[in-house]
Amino acid sequence: MLSSFSVLSACRRGAARLAAATLVSGLVAAGALAGAGSAAAEETAQSQGGATATIGALKTYGAAVIHDAGGDQEVSAGLFEMSVDGGGTLQTYCVDIHNPTQRDAKYQETAWSGTSLAANKDAGKIRWILQNSYPQVNDLATLAARAGVQSGLTEQDAAAGTQVAIWRYSDGADVDAVDPQAEKLADYLHKSAADLTEPKASLTLDPPAVSGHPGELLGPVTVHTNAAGATLTPPADAAISGVRIVGKDGKPITSAVDGSQVFFDVPEGTAVGSAELTVQASTTVPVGRAFASESRSQTQILAGSSESTVSATASASWASQGAIPALSAAKNCAKGGVDLTATNQGDEAFTFSLLGAEYSIPAGESHTVTVPLQEDQAYDFTITGPSGFEKRFTGVLDCKTQGSAGGDAVQTLSEPSPATVGGVANDTNLAATGSSSATPLIAGIAIGLVVIGGTALVVVRKKETSAQG
């Protein structure tokens, strides 16, 4: 007999998230680079390329019971379906049992390093489960025989048993499938799982940002993809600016394959500026790729893919003289922050001031430093440079499977759809204006972000205390 429990949909409803509104103060005014232009900052999400998709509802699922100190809770367990931007369908399981799934949330294909899988020593075993169970193994008679399920498996049993096995490794959860056949499959998968390596991305560009002087080939940007080929879309104003996308021989190109190196050909004498290249392909996304959402919807992991559209972008900036920065960012969950990479391809040091101190990144050098952030912390900071250079980075650090305390929203098993996006509180806006990024720069930003993050946490905790009172 089950003890008293509440019934949830897909994964346990996550908890209160950080919310505050007017914490952007000191850092907004601090650290502006003298002489920087007033151009609007280019907003950059921490996407590394690949498939972008919108999550729908659970399509194939059964029931499971989570056992913890708060009692037993029955949840829906199974496969979600996602619609890929540009065409295609994905099937996913969740690896984030304690956080909510929001209907119609946008997801981006993400490296394990940008999710809770970064610090999970069993992440490779989750990939083994995905490759050796439903829907990759869609012959249910064969799957049942491997698991020793003599009465056979339904699709619902197979999906529920697979999700339960994944949760045991992704969240360390004490969870069982309600159906005996599904539970037997879960036990088989859990005990049999072997460690596999992380699958490669469907499409990425390395590096995602380059810089240099007009009259030079800016790059190279290397294309990494499992697609047979990819299409290159030149900058939107290429006909006016004269900026071309070329190969290493300087000849214009419109397509690429895995390993291709492409360059931005900026005509000599071109005024200070920037441009963006878009690369697109059609392919199946590798099983085991993670999918994360900036709206804090629970992290997913890929179980199956149709032929789908994938894309990635790279930017280039140039100037005739002085410092010429190229900036990019990526979440680093192993270190609990965002990695900012700054490269200066100019002919003089990139000098800037931040929080009353002056810093410099030498010409021809590159630095990558992690800006520490609190879990569930929304961030929004702009880095400025000479001649109006600005780049804005926004996102949410969502690296852990355990949500904050704050209560669960109950849904019945007959309503397995995720909650709506509108239920999420407003994000804290952490604005750190400064300039470029080198080790001292990031240290300055990090201090500010941590200070503001701490303030946000205090504010929210006070609000929660009042609500509970």
Side-chain angles (χ1 to χ4, degrees), residues 17-20 23-24 26-28 30-31 41 43-49 95-96 99 108 110-121 123 198 204 206-209 290-296 299 325-343 352 354-355 357 359 361 366-383 391-404 427-458 460:
R17 301 283 190 164
L18 293 178
L23 298 178
V24 186
L27 286 180
V28 174
E43 184 171 349
T44 304
Q46 277 61 74
S47 165
Q48 297 172 327
V95 288
D96 201 358
N99 287 326
Q108 176 67 47
T110 306
W112 288 0
S113 60
T115 71
S116 60
L117 297 173
N120 188 335
K121 62 181 178 58
E198 178 180 1
T204 57
D206 181 34
F291 279 78
S293 172
E294 294 296 345
S295 63
R296 302 183 181 125
T299 304
L327 305 173
S328 61
K331 293 176 186 176
N332 186 336
C333 285
K335 293 184 178 180
V338 173
D339 283 344
L340 287 181
T341 299
T343 300
F352 56 91
L354 176 67
L355 300 176
Y359 305 96
I361 177 171
S366 178
H367 296 270
T368 298
V369 182
T370 303
V371 180
L373 295 169
Q374 293 184 12
E375 175 67 8
D376 291 335
Q377 185 64 69
Y379 56 90
D380 184 342
F381 56 89
T382 299
I383 298 174
K391 202 151 191 176
R392 179 185 177 193
F393 297 97
T394 63
V396 175
L397 192 72
D398 188 3
C399 292
K400 297 180 181 179
T401 57
Q402 180 64 55
S404 312
D427 293 339
T428 304
N429 180 20
L430 302 182
T433 61
S435 297
S436 163
S437 66
T439 301
L441 162 69
I442 306 306
I445 294 178
I447 291 171
L449 291 175
V450 170
V451 169
I452 291 182
T455 306
L457 189 59
V458 170
V460 173

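All of these numbers come straight from a predicted model, not from anything done at the bench.
Between the side chain of Q108 and the main chain of A292, no donor-acceptor pair closer than 3.5 Å is present. In this structure, T110 contributes its side chain and F291 its backbone to no donor-acceptor pair below 3.5 Å. Formation of a donor-acceptor pair under 3.5 Å by the K331 side chain with backbone atoms of A111 is not found in this model.
Across A118 and A334, no two heavy atoms sit closer than the pair CB-N, 3.8 Å. Nearest heavy atom pair, residue D398 against residue R296, reads OD2-CA, 3.9 Å. Shown here for L327 and A209, the closest heavy-atom pair between the two residues is O-CB, 3.4 Å.
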Step by step, would you call T341 with H367 a side-chain contact (heavy atoms from CB on, under 4.5 Å)?
CA-CA 6 Å; T341 299; H367 296 270; over 6 Å; no
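When side chains are defined from C-beta on, Y379 counts as touching V338, because their heavy atoms get closer than 4.5 Å. Counting heavy atoms from C-beta on, the side chains of D376 and L397 never come closer than 4.5 Å.
Once rounded to the nearest 0.5 Å, the distance linking CG of D339 with CG of N332 reads 4.0 Å. Atom-to-atom distance recorded for N99:CG and T299:OG1 is 7.5 Å, nearest 0.5 angstrom. E375 CD to C333 SG: the interatomic distance, rounded to the nearest 0.5 Å, is 7.0 Å.
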